Amino acid sequence: MLGRIFRRLRALFDRGALDRELDEELRYHLEREAELHLAEGMSREEARLAALRGFGGVTRAKEECREARGVRLFEDLWQDVRYGLRTFRKKPGFTLVAVLTLALGIGANAAIFSVVNGVLLKSLPFPDPERLVALNETTESGRATAVAFPDYLDWRAGQSVFEELAARMPAGGVLTGDGEPERVTGRLVTASFFKTLGVTPAAGRFFTEGEDRPGGGRVMVLGHGLWQRRYGGDPEVVGRTVLYNGESWTVAGVMPPQFDFYGENNLNNEFFIPLGHLYDQQWMNDRDSHVVMVTARLKPGVSLEQARAQLGALAARLAEQFPASNRGEGARLSSFLDDYVGAARPALLMLMAAVGAVLLIACANVANLLLVRAAGRRKEIALRVALGAGRGRVVRQLLTESLLLALAGGATGLLFAWWGVGALLRLAPDVLPRAESISLDGRALGFTFALTLLTGVAFGVVPALQTSKADLNDAMKSGGVRGGTGGRWLRSGLVVTEVALSLVLLVGAGLLLRSFWQLMRVEPGFEARDVLTLRLRLPDAKYTDVEKSVVFLKEVKRRVEALQGVRRVSLATGFPFGRASEHGYLLEGRPEPRQPSERPDAYVQWVSPEFHQTLGIPLLAGRYIEERDAADSPPVALVDDDFVRRNFPGGSPRDALGKRVRFGGDEEPWCEIVGVVGHARQNGLDEEGRPGIYRPWTQIRPDLAAGYTRAMDLIVKTSIEPTRLVEPIRGEVQALDRDQPLGNVRTLASLVEQTIAPRRFSMTLAAVFAFVALVLGAVGLYGVLSYTVAQRAREIGIRMALGAQRKDVHRLVIAQGMALALGGVAAGVAASLALTRLMSGLLFGVSATDAPTFVLITLLLLLVALVACYLPARRASKVDPLIALRYE
Amino acid sequence: MGLNKRTDLLQQGTLELLVLRLLRTGALNGWDIMQRIRVVSDEVLSITPGALYPALHRLEERGLVRAEWASSENNRQAKFYRLTPAGRKQLEAERETWERFAGAIDAILRDA
């Protein structure tokens with residue numbers, strides 16, 4: 001074995017010595033043979049020749065000996081590479097176009113693959129992440145909801161398929177002391193959370209079951225990011241206390257640096273505190289309050305199906321046991337990764353398909369270039385075949401050349417991709433989950449390399465086979481530029497394919513564009529321009545009673561109203577595209593459903609007067625909420641026209657006035673509907689949403705008021721650029737309370753923009769790729785026609801000599817080009833009709849076979865094709881018959 | 001090359017088997033091997049040195065023979081080939097296969 005490797009290496013590096021040895025060996029043989037012949041009485045020279053004759057081809061034998069030692073392959077490769085590089089240097093224009101085309105195709109693929117890899121493929125930074133699952137409850141209509149905490153406890157007690165389950169809720173508050181007050185977002189989690197995920201602390205420890213209960217101690221686990229940022233990564237912080245919402249919490253430990261759990265830039269993961277602090281809350285023990293999110297780890301060897309079956313059985317048992325709250329409820333189990341990033345999958349797969357198509361077009365283009373060039377090289381290749389190169393040898397050389405092109409394209413493409421990934425990363429955080437794990441990593445590089453080799457073969461193999469068929473006689477006879485008819489069909493076929501693929505991409509991008517346009521035309525029902533929103537999160541320890549909070553909030557409102565550039569200010573527990581809580585409601589006099597959970601839901605917001613005026617939500621009947629709606633005055637509510645439509649079919653807004661509505665049980669008051677306002681979309685422009693109900697914030701139930709008033713949103717309508725008011729507002733707030741930070745400072749317009757950002761993202765990318773496809777397709781068409789014109793110069797010359805007009809020639813070329821384009825368009829339309837259906841989930845307000853889009857795109861493509869045909873046609877009509885005929 | 005691919009391959013295999021057989025008794029150089037082949041099979045197989053040397057190099061590459069330079073009978077340096085243990089095994093195996101094959105053919109021809 002070693003000997004063999006040694007021989008191989010020697011064969012590679014010490015070719016000279018091996019060749020000398022071979023020469024020596026054969027010379028010995030020939031001399032012995034000659035001696036025999038001498039003995040038979042031949043002359044010395046005769047004997048030498050006879051020995052050579054008897055040998056049967058010395059040169060060839062040497063070749064075969066070399067080949068036997070596996071040297072040939074390398075020698076040939078090196079020779080081919082040098083030869084290829086030489087031909088590229090001789091044709092820099094061709095080389096540049098081919099390499100750039102390939103670089104575009106490969107680069108786009110590498111960039112999008114990096115995104116797909118980071119978001120969908122890369123495994124999560126937990127041990128055995130494939131065993132992690134997300135659990136939800138489902139309503140009677142099959143909608144997934146959060147889980148009621150008692151149901152979670154019963155699941156956990158009754159199951160045998162999970163190693164561990166964990167529940168969590170979002171938490172947010174203010175850190176004070178140690179420098180600037182800072183708003184942080186984290187999670188309330190069960191002690192089992194850390195074990196479920198299988199993480200180990202970077203410092204200190206996580207909290208225990210004993211600490212995870214009411215009064216179990218204020219212990220906190222810091223997220224790695226917060227630890228680094230606020231505490232400089234100081235391990236000494238473990239065991240110290242920090243001030244969270246005005247109370248002392250002991251830092252138990254620190255999360256590891258890689259922690260990728262439903263984060264938005266890993267906000268939401270800044271700290272972790274025991275969920276146990278809430279266990280004695282009444283709503284926590286209510287099977288109607290779906291408040292916790294649940295993650296679980298499957299036992300090894302348990303399949304999703306098995307777990308699903310058991311969970312379903314558990315949910316069914318609960319439904320039977322607690323019909324009042326749980327009837328009709330089910331459970332849903334999905335893989336963690338799916339639950340986390342599943343929503344981004346369709347758009348990413350669509351983009352991957354789009355860049356795939358771009359690469360195919362690039363391949364077709366380069367294949368065409370090679371075919372054209374090959375026609376010019378037929379003489380050379382025929383000569384090589386005639387001189388003894390086998391066809392396989394010629395194919396190998398041509399393939400080496402195309403691989404070289406592909407490698408150059410791949411390397412340049414990586415540069416493009418590197419730049420592209422950077423650009424995508426700037427867009428991605430608002431758009432994609434797990435954006436922080438997107439990078440051009442080893443796997444992406446491997447993918448790019450494999451793709452590059454594949455590309456080289458894909459665009460090289462057909463031209464190589466086609467070219468190597470060259471027949472010497474034929475090639476030598478013809479003028480050198482004329483290709484075979486087979487080549488022409490092939491080239492036409494490639495162009496038709498290119499046009500068809502471009503059309504598919506353009507139609508796809510066009511549909512996304514139309515969707516986006518439709519979305520932008522949606523009336524959200526409020527005025528988002530010049531509105532600044534921010535949250536005032538008042539620490540419990542400082543704002544011990546409602547009165548204190550209310551006084552503070554009213555004073556903030558008064559001071560902000562007095563600022564320059566402020567038009568209106570209002571306070572609310574939520575606002576459109578901010579947050580909204582859903583509650584079931586009951587209209588007086590309507591039959592009560594069998595269970596509370598079957599009540600229709602509405603978005604309920606507690607607002608100060610002027611809320612609707614601040615947001616430009618129109619009044620349709622009755623009145624707005626006013627100052628006179630105080631705590632001790634009769635309870636009132638505003639509803640929106642969506643509420644009216646659902647509850648008073650065919651009625652007008654006036655019909656709702658004077659009716660009474662109620663949330664929750666009998667302890668809740670009936671509220672008189674005193675006004676009807678326009679419906680405002682709450683979550684997204686593409687979501688009609690639920691009806692809205694608004695109540696005066698002064699009338700919040702006393703036992704809930706403390707909680708609500710500690711987290712109110714301030715909504716400011718401005719007459720100047722809203723962000724210019726952030727600092728003045730901060731000044732006013734901190735003049736009142738030095739430790740009070742502003743949370744969630746956003747313009748309303750940016751919140752709306754954020755909901756359409758994913759669509760903008762995929763639309764923009766699809767449009768870019770479609771444009772690239774269009775350009776490549778046009779270049780392909782242009783290239784083929786230019787070549788045909790050059791090839792047919794003589795024919796055209798004869799025609800013109802025989803009296804054809806320039807415009808006839810013109811028409812001839814254009815007709816040829818447009819025939820190809822039309823063929824491509826027809827194939828493309830057929831393919832699009834089949835393919836766009838797959839992306840209907842990404843569309844809004846437009847069907848996958850939207851006729852205007854198809855027509856417009858087809859016209860656009862034909863127009864571009866016409867331009868691509870025009871230039872070669874003009875050149876053809878300028879052919880001088882004399883020169884053309886003399887040419888051969 | 002005048003022969004078609006199949007006979008070519010057949011011949012190559014036969015040639016290699018023949019070479020292995022000739023080397024069983026000791027080291028030989030290329031010319032010696034050629035002389036012996038002429039004696040055994042000149043009539044049946046048209047083997048030229050042009051085919052023999054590549055075959056030797058292939059066998060060496062596959063580790064079935066080993067080569068070394070040594071003095072030949074007339075005191076000149078020549079390259080001698082000798083069987084390796086692997087080559088010996090290969091020869092045994094090939095011979096068995098051949099005998100089984102020949103036996104089968106023989107049986108068929110007898111019956112017919």
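Given the structure is predicted, the values throughout are model-derived calculations rather than measurements. Below, chains carry the letters A, B, ... as their sequence lines are ordered, and counting in each starts from 1.
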Open item on the list: Using a 4.5 angstrom heavy-atom cutoff, name the option from B:Pro49, B:Ala78, B:Gly50 with the most pairs to chain A.
Closed with: B:Pro49
TODO: Taking B:Thr84 for its side chain and B:Gly63 for its backbone only, find out whether a donor-acceptor pair lies under 3.5 Å.
DONE: yes
Open item on the list: Quick check: closest heavy atoms across A:Cys363 and A:Thr455, and the distance to 0.1 Å?
Closed with: SG-CG2, 3.4 Å
Task: Residue part contacting chain B, namely of A:Phe55, when any heavy atom lies under 4.5 Å - done: both
Task: Atom CZ of A:Phe447 with >12 non-hydrogen neighbours under 6.0 angstrom - done: yes
- [ ] Verify whether one side chain among A:Tyr28 and B:Asn29 offers a donor that lies under 3.5 Å from an acceptor in the other.
- [x] yes
Open item on the list: Out of A:Arg32, A:Glu24, A:Arg27, A:Glu31, return the one with the most heavy atom pairs under 4.5 angstrom to chain B.
Closed with: A:Arg32
Task: Toward chain B, the part of A:Leu36 with a non-hydrogen atom under 4.5 Å - done: side chain
Open item on the list: Does atom CZ (B:Arg82) have a neighbourhood of more than 12 heavy atoms from anything else shown, all under 6.0 Å?
Closed with: no
TODO: Could you look at B:Gln35 and say if it's the side chain, the backbone, both or neither that has a heavy atom under 4.5 Å from chain A?
DONE: side chain
